[in-house]
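For reference, the structure discussed in these notes is given below.
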Protein chains: 2
Amino acid sequence: MTVAPALTERSTRAAEIVSVGRRILEEEGADALTMRRLAAAVGMQAPSLYKHFGTKRAVEAALIEHGLLELGTALHTAVSGGARRGGGPVRRLLTAYRAAALANPALYRLATAGPLPREDLAPGLEDWAGEPFFLATGDPSRAQALFAFAHGMVVLELDDRFMPGSDLRPAWEAGTRVFA
Amino acid sequence: MTVAPALTERSTRAAEIVSVGRRILEEEGADALTMRRLAAAVGMQAPSLYKHFGTKRAVEAALIEHGLLELGTALHTAVSGGARRGGGPVRRLLTAYRAAALANPALYRLATAGPLPREDLAPGLEDWAGEPFFLATGDPSRAQALFAFAHGMVVLELDDRFMPGSDLRPAWEAGTRVFA
DNA sequence: TGAACGAAGCTAACACAGTTAGCCGACGTC
DNA sequence: GACGTCGGCTAACTGTGTTAGCTTCGTTCA
C-alpha cells in the first residue's frame, strides 16, 4: 500500500487535453475550465473533445486523479520522512497538507470538494491518498477527524471564510497540538 | 453580542421570493434553484425577479442570512445551555453543529461554502454566528481550529468523501475529546 | 380632475454553458 | 481495392443568468 497506484491509462491526445486543462485550471481558475475554452487551448473545437472524454465530468475526473496523486505523494513523504524533519508525524502531515493544497488551490478544490466520481478513478488511489492520516494517527476515527480538520482549514482559508486578515498559523498550530 | 442581529429588511414580495427559494433549495437541491424555476414557483417570469434582487447572488445572500441566523441560533443555545444538557460546551456545540447542518444540507452549503458576499449580509451576522466557537474554547485560534474541524466533518460527510458506509460518530467523538 | 411618475410585471433577446447529430477525410486492414 | 474506425468538423438544441424596452397600475401632486 505504500507505492502509489498507477493512474488510468490515456492516449497521448487525451493526456494532452488533461495537461492543458490543468494549466487552465491553475492559471485562470475553475470557471475558466470550459469545454470550448479547453478545446481552443488544445487546438480543436469543443465537440471534438467528446471523442476523447464522454463528458466534462470525465475530464475533471482525470484532473482529480492528478490532484490526488500529488497530494498523496506529498503526504506520504511527509509522514514517512523520519526524525530528520522537525516535529512529529501529525505536524509534518499538516504542514505538507496545507502547502500542497495552497500550491494548487483550484486543483485541490476539484479533487476534494463536491461529489467524487469514484467509478472514473484509478482503483486504490483514493485510499492511498488518505492513508497518511491513518499512518500519522494510528486510529481510523482519529484519522478521519484529522482529515476533517485539515480539509476544513484549507477550504475555509481558500474561501476567505475566516475573519478577514487573520493570521491562520496559530489556528493550524492549535490543531496540531490538539491532534499530536 | 448575545442577541441575534436583525436580518436585512425586505419588501413582502422579496421576502416571499426568499421563502420560496428556500423551499426549492431544501426540497429539490441547489441545482434546482434557478431564476426561471424560482420565478415560476412564485408566479412570475424570470426577468421580473430582477425588480426585487439585482442578481442571483443577491437572492442567495438573502438565503445565506437565514442559514447563518438559524445555525447561529442553534449554536448559541447549545453553548449557553448550562449543565442541564450532557457534556461540556465543546461537545454540545459540535452536536448542535452537526444536527443543524444535516437538517438543511443545501442551505448549509450555500451559507458556508464558496465565497461569502459580505457586503450583502446584515452587519454583525457572520461574527455572531461564529461566536459560539469562541465561547466554547475561550481562545480565538482554538475557535478557528474547532470551526474548521466541524465544517470539515460536515462538508466531507455531505460530499460522501469518507470511506463509503463508515460510521462517523467515532470520528466526531475523537474530535470532541481532542478539543474538549 | 388630470398629469406625472415610480413600482412591478411582461416579451424578446443575448451570450455562454454542456452536449448531440451527422458529415467527412485519413488511415490501417482483410 | 473495399471497409471501417478514429478523430476532426459544423450546425444545432436546451438551459443558464441577465438586459432592454414596453406596459400597466396605483399613488401623488398641482
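Just so you know, these numbers come straight off a predicted model, no measurement behind them. Here is the naming used below: chain letters follow the sequence lines, and residue numbers restart at 1 for every chain. The figures here come from the full heavy-atom set of this structure, side chains too, leaving out hydrogens, waters and symmetry mates.
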Distance, rounded to the nearest Å, where B/Q45 contributes CD and C/dA12 contributes C1': 12 Å

N/O (side chain, B/S48) to phosphate O (OP1/OP2, C/dC10) under 4.0 Å: yes

Distance in angstrom units between B/K51 NZ and C/dC10 P, rounded: 11 Å

Nucleotide C/dT19, atom P - distance to CG of A/L49 in whole Å: 10 Å

side-chain N/O A/T55 vs C/dT19 OP1/OP2, d < 4.0 Å: yes

Ring centers of B/Y97, B/Y108 separated by less than 6.0 Å: yes

Partners passing side chain to side chain contact (heavy atoms under 4.5 Å, CB included) against B/D139 (at least two apart in sequence or in another chain): B/S141, B/R142

d(OH, A/Y50; P, D/dG8) in whole Å: 15 Å

N or O in side chain of B/H52 less than 4.0 angstrom from C/dG9 OP1/OP2: yes

Test of ring centre spacing under 6.0 Å for B/F149 and B/W172: yes

base_contact_polar (C/dG18 base, A/K56 side chain, donor-acceptor, <3.5 Å): no

Pairing residues for A/R36 by the salt bridge (charged side-chain N to carboxylate O under 4.0 Å, His left out) criterion, not counting sequence neighbours: none

Those residues of residues 26-44 of chain B lying under 4.0 Å from DNA chain D by at least one heavy atom: B/L33, B/T34, B/M35, B/R36

